[in-house]
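This report refers to the structure that appears directly beneath it.
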Amino acid sequence: MASWNRHGSRMRQAKMWFLVLLVWLLPVLDAVKVSPLIEKVSDHKDFKKLLRTRTNVLVLYTKSATSGDPQLKLLSDVAQTVKGQGTIAWVNCGDTEGRKLCKKVKVGPWIQICRLRDAALQRWNVSHGIQQTGHIQVDGGLPQDPSGPPLWEENPEAKDIVHIETEKDFRKLLKKEERPILMMFYAPWCGVCKRMQPIFQQAATETKGRYVLAGMNVHPAEFDGLKQEYNVKGYPTFCYFEKGKFLHHYENYGATAKDIADWLRNPQPPQPKTPEEHPAALIMFYAPWCGHCKKMKPEYDEAAEVLNKASDSPGAVAALDATVHKAAGERFKISGFPTVKYFVNGEDKYTLPHLRSKDKIIEFMHNPQAPPPPEQSWEENRPASAILDSRTSERR
C-alpha cells in the first residue's frame with residue numbers, strides 16, 4: 001500500500017512538472033511559429049556568412065523569444081513579398097549564443113536593413129516606423145543593391161580567387177601560404193577593377209594549384225596603413241609575394257589571363273614605358289605628395305580608362321612618378337607637378353598646363369592642338385611709361 005502511495009505521489013509530481021514545463025514552453029512554441037523564409041541566426045560565423053553571401057538582408061533583433069512576436073508576424077508577410085529579392089533574418093538576443101552575437105555586432109533590439117557595400121556593413125534602422133506605426137512600407141520589395149552587380153566574392157565564377165576581408169586574414173595568408181601570391185588590391189567602384197576581375201579570376205583558374213591569386217577591397221579607411229605599406233596609390237594595384245615577402249608590382253592593366261599566367265612563371269619588376277613606344281602619348285609626371293596631382297588624378301584616370309580601352313584610340317594616356325623615375329624627369333626637364341606632356345613618335349611636342357578635366361583631356365587627344373600662349377604678367381602688360389624704377393619712386 002505504501003508502495004502504491006509512493007508511486008501515486010511520483011505520478012502527481014510528474015504531472016505537475018509537466019504542466020509547469022508546458023506553461024513555460026507555450027510562449028516559446030508560439031514564438032517560433034514564423035515563416036520558414038525567416039532565417040534564425042545565433043552563431044557569429046553564420047551571421048557573417050549571411051551578410052557576405054546575400055545582397056539585401058533585413059535583420060530583426062529581439063530581447064527574447066517572445067518580445068518580437070508582432071514584428072515576426074509582420075516580417076513573415078514581408079519575407080513572402082520580397083522572396084528572391086532579399087533575406088529576412090532573426091536574432092534572439094535573449095538566448096546564450098544570440099546574446100554573444102548581439103554583443104559582437106553592437107546592436108540592441110530593433111530591426112535593421114543590412115547590406116554589404118564596399119565591404120563595410122551599412123545599416124538603416126527602421127525600428128521607429130515599426131514601433132510607431134506597426135507596419136513596413138515594402139513598395140515592391142527591398143531596395144536593390146546600390147553597386148548593381150553582385151559583389152566579387154559572391155560571384156560563383158570567382159571561386160578560385162582567395163577573397164580576403166580583413167588585414168588579419170591578409171597577414172595570415174602571407175605567413176602560411178607556401179605558393180607565390182598575386183594580390184589584387186581594389187575598390188568596388190573602380191571601373192578598371194571591374195574590367196580586370198573576370199580576367200584575374202580566369203588566370204586564377206588556369207594557374208590553380210601553382211599560384212594563389214587573391215583579391216582584397218582596401219578602399220575603406222581602416223586599410224590606409226596597408227595601402228601605404230604596399231604603395232597602393234590607385235586601383236587596382238597588384239602585388240606579388242613569395243614566402244610572405246613582397247617582391248614586385250604587376251602593372252599590365254590591359255593584360256589577358258594568359259599574360260598574367262606567363263608573368264607569374266617569370267615575375268619581373270615593371271619597366272616604365274617611354275614615349276617612343278607609342279605613336280602618340282599623353283603623360284602626366286607627378287609626385288605622390290603633390291596635392292594638385294591628387295586633385296587631378298580622378299579626372300585623369302577616367303580619361304585614361306576611356307582612351308586606353310577604345311579600339312580606335314588616338315593615343316595612350318599614362319602617368320609616371322617622377323620621384324621614382326628620376327632619369328625620365330630630368331630628361332624632360334620636369335620642374336613642377338603635375339606636368340602633362342604630349343609626345344608624338346617619342347618627341348616632346350607640347351606641355352599642357354591647361355588640361356585638368358576628363359573632357360578636356362579626351363577632346364585634346366582627338367584633336368591635339370598647341371596650347372594657348374601663357375598670359376603676360378602684369379609687369380609685362382603695362383605701358384613703359386607706367387613703370388617706375390627705384391630712383392623715380394624715391395621721395396625727394
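Residue indices begin at 1 and follow the sequence shown.
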**OP:** Evaluate the side chain to side chain contact (heavy atoms under 4.5 Å, CB included) criterion for residues Phe185 and Leu226: first the C-alpha distance (whole Å), next the side-chain angles of each, then the deciding distance (0.1 Å), finally the verdict.
**Re:** CA-CA 10 Å; Phe185 294 115; Leu226 196 66; 4.2 Å; yes
Original post:
Would Val340 and Arg356 count as a side chain to side chain contact (heavy atoms under 4.5 Å, CB included) if you check the C-alpha gap in whole Å, the side-chain angles of each, and the deciding distance to 0.1 Å?
Top reply: CA-CA 9 Å; Val340 179; Arg356 289 293 183 267; 4.1 Å; yes
Subject >> Evaluation steps, side chain to side chain contact (heavy atoms under 4.5 Å, CB included), between Cys239 and His249 >> reply: CA-CA 5 Å; Cys239 294; His249 282 110; 3.6 Å; yes
Original post:
Could you go step by step and tell me if Val41 and Val59 meet the side chain to side chain contact (heavy atoms under 4.5 Å, CB included) rule?
Top reply: CA-CA 9 Å; Val41 187; Val59 184; over 6 Å; no
**OP:** Decide yes or no on ring-ring contact (aromatic ring centres under 6.0 Å, His included) for Tyr300 and Tyr286, but give the supporting numbers first.
**Re:** CA-CA 12 Å; Tyr300 195 79; Tyr286 71 93; 9.1 Å; no
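In this structure, NZ on Lys333 lies 12.0 Å from CZ on Phe285, to the nearest 0.5 angstrom. A distance of 9.0 Å separates CZ in Arg179 from CG in Leu173, rounded to the nearest 0.5 Å. Note that CD of Glu330 and OG of Ser335 are 12.5 Å apart. Values are rounded to the nearest 0.5 Å. Between the OG1 atom in Thr339 and the CD1 atom in Ile334 there is a gap of 4.5 Å [rounded to 0.5 Å]. Annotation: the span from Phe200 atom CZ to Met183 atom CE amounts to 8.0 Å, rounded to 0.5 Å. Put simply, CG on Asn367 and CD1 on Ile362 are 14.0 Å apart, with the number rounded to the nearest 0.5 Å.
Residues Lys358 and Val306 are in side-chain contact: their nearest non-hydrogen atoms beyond the backbone lie under 4.5 Å apart. Between Tyr186 and Gln197, the closest side-chain pair of non-hydrogen atoms falls below 4.5 Å. In this structure, the side chains of Ile38 and Leu60 stay at 4.5 Å or more apart for every pair of heavy atoms. Between Leu307 and His366 there is a side-chain heavy-atom pair separated by less than 4.5 Å. At least one side-chain heavy atom of Phe364 sits less than 4.5 Å from a side-chain heavy atom of Tyr350.
The shortest non-hydrogen separation linking Asn231 to Thr237 is O-CG2, 4.5 Å. The two residues Val344 and Lys349 make their nearest non-hydrogen contact at CG2-CD, 3.6 Å. Residue Leu213 comes nearest to Ala204 through the heavy atom pair CD2-N, 3.5 Å, listed as atom of the first residue, atom of the second, then distance. Looking at every heavy atom in both residues, Cys102 comes nearest to Val91 through SG-CG1, 3.7 Å. Nearest heavy atom pair, residue Glu305 against residue Val192, reads OE2-N, 3.8 Å. The two residues Leu182 and Tyr250 have their closest heavy-atom pair at CD1-CB, 4.3 Å.
The side chain to side chain contact (heavy atoms under 4.5 Å, CB included) search around Thr323 returns Ala287, Pro288, Trp289, Asp321, not counting sequence neighbours. The salt bridge (Lys or Arg N to Asp or Glu O under 4.0 Å) check on Glu178 picks up Lys243, with sequence neighbours excluded. In this structure, the side chain to side chain contact (heavy atoms under 4.5 Å, CB included) partners of Lys297, at least two apart in sequence or on a different chain, are Asp301. Here Gln202 pairs with Glu206, Ala257 under the side chain to side chain contact (heavy atoms under 4.5 Å, CB included) rule; sequence neighbours left out. Taking Pro180 as the reference, Tyr211, Tyr240, Glu242 meet the side chain to side chain contact (heavy atoms under 4.5 Å, CB included) condition, with sequence neighbours excluded. Scanning for ring pair (Phe, Tyr, Trp, His ring centres under 6.0 Å) contacts around Tyr230 gives Phe170, Phe241, Phe246, with sequence neighbours left out.
The side chain to side chain contact (heavy atoms under 4.5 Å, CB included) test with Pro338 is passed by exactly one of Lys294, Lys295, His292: His292.
Criterion: ILVMFWY side-chain heavy atoms under 4.5 Å apart, direct or through other members. Under it, Leu247 and Met184 are part of a common hydrophobic cluster.
Looking at Lys172 and Asp169, no side-chain N of the basic residue comes within less than 4.0 Å of a carboxylate O on the acidic one, giving no salt bridge.
Side chain of His219 to main chain of Cys190: no donor-acceptor pair is present (N/O by atom type, distance under 3.5 Å, no hydrogens or angles). Panel note: side chain Ser357, backbone Lys360; a donor-acceptor pair is recorded below 3.5 Å. Between the Lys227 side chain and the Val218 main chain, a donor and an acceptor come within less than 3.5 Å of each other.
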